[in-house]
Amino acid sequence: MRWILAILLFLLPATASTAWAEIGQIKLSFGQASLERKGELIPAKVGLLVEAADVIITGKDGRLGITFTDDSRFAAGPNSRIELTTFKFNATTHEGEFVTKVDQGTLAVVSGNIAKHRPDAMRVRTPSSVLGVRGTKFLVKVAP
Amino acid sequence: MKSRLCIVPLLLSMVLVLSACGANETLVLLRDDDGKVGALALLNQDGSDKGIVMNKVNQMTRIDGAGSIQTMTASQQDLDKDFAATLETLPAQSKHFILYFEMASTRVKAESQKVLVALFDEVAGRQAVEVLVTGHTDTIGLKKDNDQLAMKRAQKVREMLMERGLKASFVWAAGRGERELLIKTADETAEPRNRRVEIIVR
């Protein structure tokens, strides 16, 4: 039975990224850090799977490091509120869309395969602007 | 809407109202881990181009509450002050490994043993590690047999990782048969470099 399940898992990956809810995973977590999901606050422990529409919320000593399935990487600094608005990624074609909204705080970004496949497929919104990401490593700070 | 509201009071009293008009934003473009410098385009909310593209290393753009934009070069001091703790929190870059296999077999070639050790070390050194394993074959034999062989090779690597304590849910394995050749060849061609398993450690 387990063997059959394993085989099924092997067959999945082509469609997996679009079918599965998780878009990434928390790799580093310090201080006060949580994800807001459907109105509920979830403590952002290392290993927690991240879903589209999650909001990263950190306190004054909080920091969070996340990897995404397209190989993008994020680090959120203290006092941040960052919404992972849209994440779509086809692991086979690398087509996708990744939209993040930084309401406040700091964010370090290393873009991955979504941005590599199509310029501006990855965008970061701030209160004043929209950044079209054409690669790869950059910083955003929004101070109230 | 916000920025339009700001214009009137701004004309009346330049500095006082400025800080009340919204967020101050700082954007900095960095050199990435591979030594490359990419680019960031400033777009309007509707996606149209603002005509500003950041494409120089450490280029810093400041947008104040009134929407005025300044461009400069970030000093190390600027970076340390605002971003040191955040930058420290970036997870490590994913790593890519290739293991080569004996012909028509799930046995890892002797020459790949060193890579196998490096793979195990990399996996052991990471927190909440995810491993993506993809098996491949050369073009000798039937496509359907090669799909199976590729899957068995990937499964073999997956088993070796799980024997070392990695949880099944963090190891994804797939077989691509002869669909994704590393070295392009005609059908029915023996090519050792195509008999491989590629592994991404994240």
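Residue numbering restarts at 1 for every chain, and letters A, B, ... go by the order of the sequence lines. All figures in this text were calculated on a predicted structure; none of them were measured in a lab.
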Can you measure from [atom1] ([X]) to [atom2] ([Y]) and round to the nearest 0.5 angstrom?
{"X": "A/S128", "Y": "B/N44", "atom1": "OG", "atom2": "CG", "value": "9.5 Å"}
{"X": "A/D120", "Y": "B/D49", "atom1": "CG", "atom2": "CG", "value": "8.0 Å"}
{"X": "A/F138", "Y": "B/L27", "atom1": "CZ", "atom2": "CG", "value": "8.5 Å"}
{"X": "A/L139", "Y": "B/D82", "atom1": "CG", "atom2": "CG", "value": "9.5 Å"}
{"X": "A/Q104", "Y": "B/E25", "atom1": "CD", "atom2": "CD", "value": "12.0 Å"}

>> Side chains of B/L87 and A/K137, heavy atoms from C-beta outward: is any pair under 4.5 Å?
In response: yes

> A/K141 versus B/N24: any side-chain heavy-atom pair under 4.5 Å?
Replying inline: no

>> Run the side-chain contact (heavy atoms from CB on, under 4.5 Å) test against B/L166 and tell me which residues pass, sequence neighbours left out.
In response: B/V123, B/V129, B/V131, B/L161, B/V171

> What part of A/A115 lies closer than 4.5 angstrom to a heavy atom of chain B: side chain, backbone, both or neither?
Replying inline: neither

> With only heavy atoms counted, which part of A/L48 is less than 4.5 Å from chain B, the side chain, the backbone, both or neither?
Replying inline: neither

Which one wins on heavy-atom pair count under 4.5 Å against chain A: [options]?
{"options": "B/L29, B/L40, B/V37", "result": "B/L40"}
{"options": "B/G38, B/P91, B/A128, B/A74", "result": "B/P91"}
{"options": "B/R31, B/E130, B/E88", "result": "B/E130"}

Grab the two heavy atoms, one from [X] and one from [Y], that are nearest each other, plus how far apart they are.
{"X": "B/L90", "Y": "A/A108", "value": "CD2-O, 3.9 Å"}
{"X": "B/R202", "Y": "A/D70", "value": "NH1-N, 4.5 Å"}
{"X": "A/A76", "Y": "B/T86", "value": "C-CG2, 4.1 Å"}
{"X": "A/T106", "Y": "B/F83", "value": "CG2-CE2, 3.9 Å"}
{"X": "B/K50", "Y": "A/S129", "value": "NZ-OG, 3.3 Å"}
{"X": "A/R73", "Y": "B/Q93", "value": "NH1-N, 3.3 Å"}

Go through the atoms of [X] and report whether side chain, backbone, both or neither lie under 4.5 Å from a heavy atom of chain A.
{"X": "B/L42", "value": "both"}
{"X": "B/I52", "value": "neither"}
{"X": "B/A92", "value": "backbone"}

> Does any N or O in the side chain of B/Q127 come within less than 3.5 Å of the main-chain N or O of A/L28, such that one atom is a donor and the other an acceptor?
Replying inline: no

If you draw a 6.0 Å radius around [atom1] in [X], do more than 12 non-hydrogen atoms from other residues or ligands fall strictly inside?
{"X": "B/M103", "atom1": "CE", "result": "no"}
{"X": "B/E191", "atom1": "CD", "result": "yes"}
{"X": "B/E188", "atom1": "CD", "result": "yes"}

> Can you tell me if B/K36 and A/T136 form a side-chain donor-acceptor pair at under 3.5 Å?
Replying inline: no

>> Between A/L131, A/V133, A/V142, who has the most heavy-atom pairs with chain B when the cutoff is under 4.5 Å?
In response: A/L131

